[in-house]
**Q** 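For reference, the structure I am asking about is given below.
Every heavy atom of this structure was used, including side-chain atoms; hydrogens, water molecules and symmetry mates were not. FYI, the numbering just counts along the sequence from 1.
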Amino acid sequence: MSAENKTEEEYSGSSIQVLEGLEAVRKRPAMYIGDIGPKGLHHLVNEVVDNSIDEALAGYCHNIDVFVNEDNSITVVDDGRGIPVDMHPKEKRSALEVVLTVLHAGGKFNKDTYKVSGGLHGVGVSCVNALSDFLHVEVKRGGKLYMQEYSKGKPAFPVKEMGPAEGTGTSVTFHPDGTIFTETEYKFETLSHRLRELAYLNAGIRISLTDKRETLENGEFKKELFYSEKGLCEFVEYIERAKERLVPEVIHINTDKYGTPVEIAMTYNTTSNESLTSYVNNINTIEHGTHVNGFRRALTRTLKKYADDKKILEKAKVEINPEDFREGLTAVISVKVAEPQFEGQTKTKLGNGEVQGVVDKAVAEALEAYLEENPKQAQLIIDKVVLAAKARIAAANARKMVLRKNPLSGAGLPGKLADCSDKDPEKCELFLVEGDSAGGTAKQGRDRHFQAILPLRGKILNVEKAADHRVLDSEEIRNIYTALGVTIGTEEDPKALNLSKLRYHKIIIMTDADVDGSHIDTLILTFFFRRMRELIEKGYVYIAMAPLYKCSKGKVEEYCWDDNQRDKFIMQYGGGSETGIKIQRYKGLGEMSEVQLKETTMDPDKRTLKQVTLEDFTEADMTFSILMGDDVAPRRKFIEENAVYAEIDA
């Protein structure tokens with residue numbers, strides 16, 4: 001029976017299955033939502049929205065509205081069937097209360113209620129309830145409106161019937177508990193990114209995000225609407241907007257003929273980077289898994305067979321490796337699995353063996369047909385593969401020549417490196433400092449036991465489009481490799497990164513708080529993202545936050561890291577006037593004494609570090625392509641759209 005033909009009555013209290021209670025969520029929140037920082041805070045919204053998306057996957061919900069309220073509470077409204085409110089047969093209370101107070105309670109454990117579900121563990125809205133100091137839920141169902149409120153997971157009163165209502169749906173408003181989370185301020189951009197992603201993954205669903213904390217010039221609240229008619233095809237076009245296309249159209253595969261719904265959108269561009277993003281039931285599987293294995297296997301086999309049949313490889317006289325087929329590839333893979341099995345370090349790697357075969361068959365069949373029907377585009381793709389193979393061989397030879405002249409290991413440490421005395425990588429920090437002057441100050445202000453300093457001369461090479469041998473020929477980059485103790489290449493993979501002798505588990509980028517400093521930050525981060533991504537993934541890369549100002553009045557002195565802190569100082573000690581207040585603006589790290597640099601930026605007890613994390617590969621890949629690529633137009637557009645977040649140095 002299709003979802004459209006099911007009656008509303010089939011989704012009732014008896015559909016809700018209870019697996020275990022809600023204990024320990026407040027005691028160990030990180031076990032359920034990852035952490036109690038910004039990531040965990042935003043995860044609460046994802047859990048509530050996922051419930052609405054599950055209703056959409058089942059065919060009942062078409063509109064989802066998310067509001068960030070003035071007090072940083074969140075409201076999520078959908079037009080699904082509404083959470084059941086009738087008596088739960090086992091629990092002897094409203095099914096709505098069961099869903100909101102019992103961990104692992106929900107319709108997604110019942111195959112008849114939801115065929116597939118986006119929730120990983122079904123902790124869902126009950127977990128959100130447990131970690132909120134206030135939650136208000138309204139349900140429109142059966143022509144009536146129902147309501148209940150909670151505090152820290154406990155109901156304030158039983159479910160109330162409030163009167164008649166038109167339509168169906170659920171509205172959840174919650175405020176995260178400030179005694180649990182390290183911060184409770186939601187970021188519009190973080191929410192926007194996830195909702196845009198969900199709109200692409202679920203074509204035809206309208207999702208809106210409204211920020212009631214910000215009023216625009218026209219008097220309306222800041223708002224974004226996300227709607228995708230073509231789904232993954234538009235997702236790939238969005239990712240590709242800063243890259244030069246090799247083939248004009250997006251190749252679209254969408255089938256469920258092999259038992260598991262598979263949708264894939266893919267294309268090729270002129271870069272040498274692969275951008276592959278994968279999802280299972282709307283969950284971003286950052287560690288990929290069997291669905292990606294099936295895709296890659298089919299891609300390699302099908303393209304190679306086509307090239308062999310046309311005798312292209314025979315003429316080229318070059319040996320092709322699997323990675324050659326993926327150079328310049330952009331692909332988004334989405335599968336819907338009834339009972340997904342997740343594994344890996346972050347539980348985001350699909351382990352279902354049967355999915356590999358399903359994806360393999362779907363891709364091979366569709367790609368074979370595309371190549372035969374589009375010989376011109378097929379030739380461009382195969383030519384790109386051959387070119388990638390030749391470039392790989394040439395780069396490997398050039399890399400050997402460069403490394404023979406300037407080996408990354410066995411040649412001692414860089415002369416400019418001021419190393420630390422401790423040899424335990426977990427305790428040691430390496431500061432990558434802009435310029436010799438600031439480097440000298442940092443060397444004097446450091447703790448020699450565990451802090452090492454490597455000054456960098458100016459802007460390092462932009463590695464976005466640079467060939468391997470050019471990267472390794474750069475003295476500054478070789479110094480970073482050598483100082484870190486990192487080597488490159490194995491028999492199987494000449495690009496493989498070897499971190500077994502990594503000398504520091506904190507790599508801190510420390511640059512001036514101006515436009516040039518920001519540019520250097522971006523160049524170094526591009527290098528780490530493209531050439532040493534594992535360091536970011538392991539959480540080893542940080543950015544030091546140097547103060548912008550030193551404010552003083554009389555004997556009172558304070559460092560201020562931004563304009564807001566400076567303005568607070570002026571308000572507190574000058575009543576809003578700068579009269580009698582001395583404000584020193586630091587334009588460079590070299591302007592500080594070693595004592596000032598130590599106490600503001602280097603001392604672990606006083607400094608502020610920003611850890612560089614990789615939440616979404618696709619977004620990061622696209623951003624680096626825009627910022628560091630050759631195309632000026634997308635870069636200008638990106639800067640214009642994000643200028644509000646940047647400080648322009650006068």
Side-chain angles (χ1 to χ4, degrees), residues 271-273 327 388 391-419 430-440 442 452-490 493-499 501-504 507-512 515-536 540-543 589 612 620-621 623-625 627-630 635:
T271 76
S272 60
N273 301 317
E327 277 212 6
R392 172 178 49 79
I393 293 164
N397 292 332
R399 191 189 298 112
K400 284 177 186 173
M401 290 291 291
V402 169
L403 293 177
R404 195 175 294 137
K405 290 179 189 173
N406 301 287
L408 295 181
S409 59
L413 295 170
K416 286 191 172 185
L417 175 70
D419 204 8
L430 175 67
F431 285 84
L432 302 177
V433 185
E434 172 190 353
D436 289 336
S437 171
I453 310 294
L454 180 65
L456 299 174
R457 191 191 304 125
K459 296 178 174 70
I460 71 165
L461 177 73
N462 177 4
V463 304
E464 181 62 20
K465 294 193 120 183
D468 284 3
H469 63 284
R470 274 205 64 214
V471 173
L472 292 172
D473 211 19
S474 161
E475 183 184 350
E476 297 302 304
I477 286 177
R478 275 204 325 275
N479 284 345
I480 295 174
Y481 274 118
T482 309
L484 290 173
V486 172
T487 54
I488 314 165
T490 63
D493 184 359
K495 290 185 179 180
L497 202 62
N498 183 355
L499 300 182
K501 295 183 180 177
L502 182 66
R503 304 177 67 243
Y504 314 92
I507 301 148
I508 303 167
I509 303 166
M510 190 162 73
T511 59
D512 291 344
V515 171
D516 277 347
S518 296
H519 190 196
I520 293 168
D521 283 350
T522 307
L523 286 166
I524 297 172
L525 287 173
T526 305
F527 165 64
F528 282 132
F529 179 73
R530 293 297 185 202
R531 303 284 167 161
M532 290 195 194
R533 194 176 309 143
E534 203 175 328
L535 294 179
I536 297 175
Y540 293 163
V541 181
Y542 296 80
I543 295 175
L589 299 169
V612 179
D621 174 62
T623 303
F624 282 117
S625 295
L627 289 174
M628 310 311 290
D630 293 335
R635 178 160 57 246

**Q** If you define the side chain from C-beta out and look only at heavy atoms, does anything of Asp419 sit under 4.5 Å from Tyr504?
**A** yes
**Q** How far apart are the closest heavy atoms of Phe527 and Ile477, and which atoms are they?
**A** CE1-CG2, 3.6 Å
**Q** Between the side chain of Glu476 and the main-chain N/O of Leu461, is any donor-acceptor distance below 3.5 Å?
**A** no
**Q** Is any side-chain heavy atom of Val612 closer than 4.5 Å to a side-chain heavy atom of Phe528?
**A** no
**Q** For Asp512, enumerate each residue passing the salt bridge (Lys or Arg N to Asp or Glu O under 4.0 Å) test, keeping only those at least two apart in sequence or located in another chain.
**A** none
**Q** Do the side chains of Met532 and Val541 get nearer than 4.5 Å, heavy atoms only?
**A** no
**Q** Got Thr487 and Lys501 here, is their nearest side-chain heavy-atom distance under 4.5 Å?
**A** no
**Q** Which residues pass the salt bridge (Lys or Arg N to Asp or Glu O under 4.0 Å) test with Arg530, not counting sequence neighbours?
**A** Glu464, Asp621
**Q** List the residues meeting side-chain contact (heavy atoms from CB on, under 4.5 Å) with Arg533, not counting sequence neighbours, and say none if there are none.
**A** Phe529, Glu537, Leu614, Phe617
**Q** Return the CD1 to CG distance between Ile509 and Leu525, rounded to the nearest 0.5 Å.
**A** 4.0 Å
**Q** Mind checking the CD1-CZ spacing from Ile508 to Phe431? Nearest 0.5 Å is all I need.
**A** 3.5 Å
**Q** Between Leu499 and Val486, is there a side-chain heavy-atom distance shorter than 4.5 Å?
**A** yes
**Q** Using side chain to side chain donor-acceptor pair (under 3.5 Å) as the criterion, list what pairs up with Ser474, not counting sequence neighbours.
**A** none
**Q** For Ala483, which residues count as a side-chain contact (heavy atoms from CB on, under 4.5 Å) partner, sequence neighbours excluded?
**A** Pro414, Leu417, Leu430, Leu454
**Q** First locate atom CG of Leu432, then atom CG of Leu484, and finally report the distance between them rounded to the nearest 0.5 Å.
**A** 7.0 Å
**Q** Taking all heavy atoms of Gly517 and all of Glu434, pick out the closest pair and write down the distance.
**A** CA-OE1, 3.7 Å
**Q** Atom CD1 in Ile480, atom CD1 in Ile460: separation rounded to 0.5 Å?
**A** 5.0 Å
**Q** For Lys416 versus Pro455, what's the shortest heavy-atom pair and its separation?
**A** O-CD, 3.3 Å
**Q** With sequence neighbours excluded, what pairs up with Ala438 under the side-chain contact (heavy atoms from CB on, under 4.5 Å) test?
**A** Val433, Leu589
**Q** Just how far is it from atom CD1 of Ile507 to atom OH of Tyr542, taken to the nearest 0.5 Å?
**A** 9.5 Å
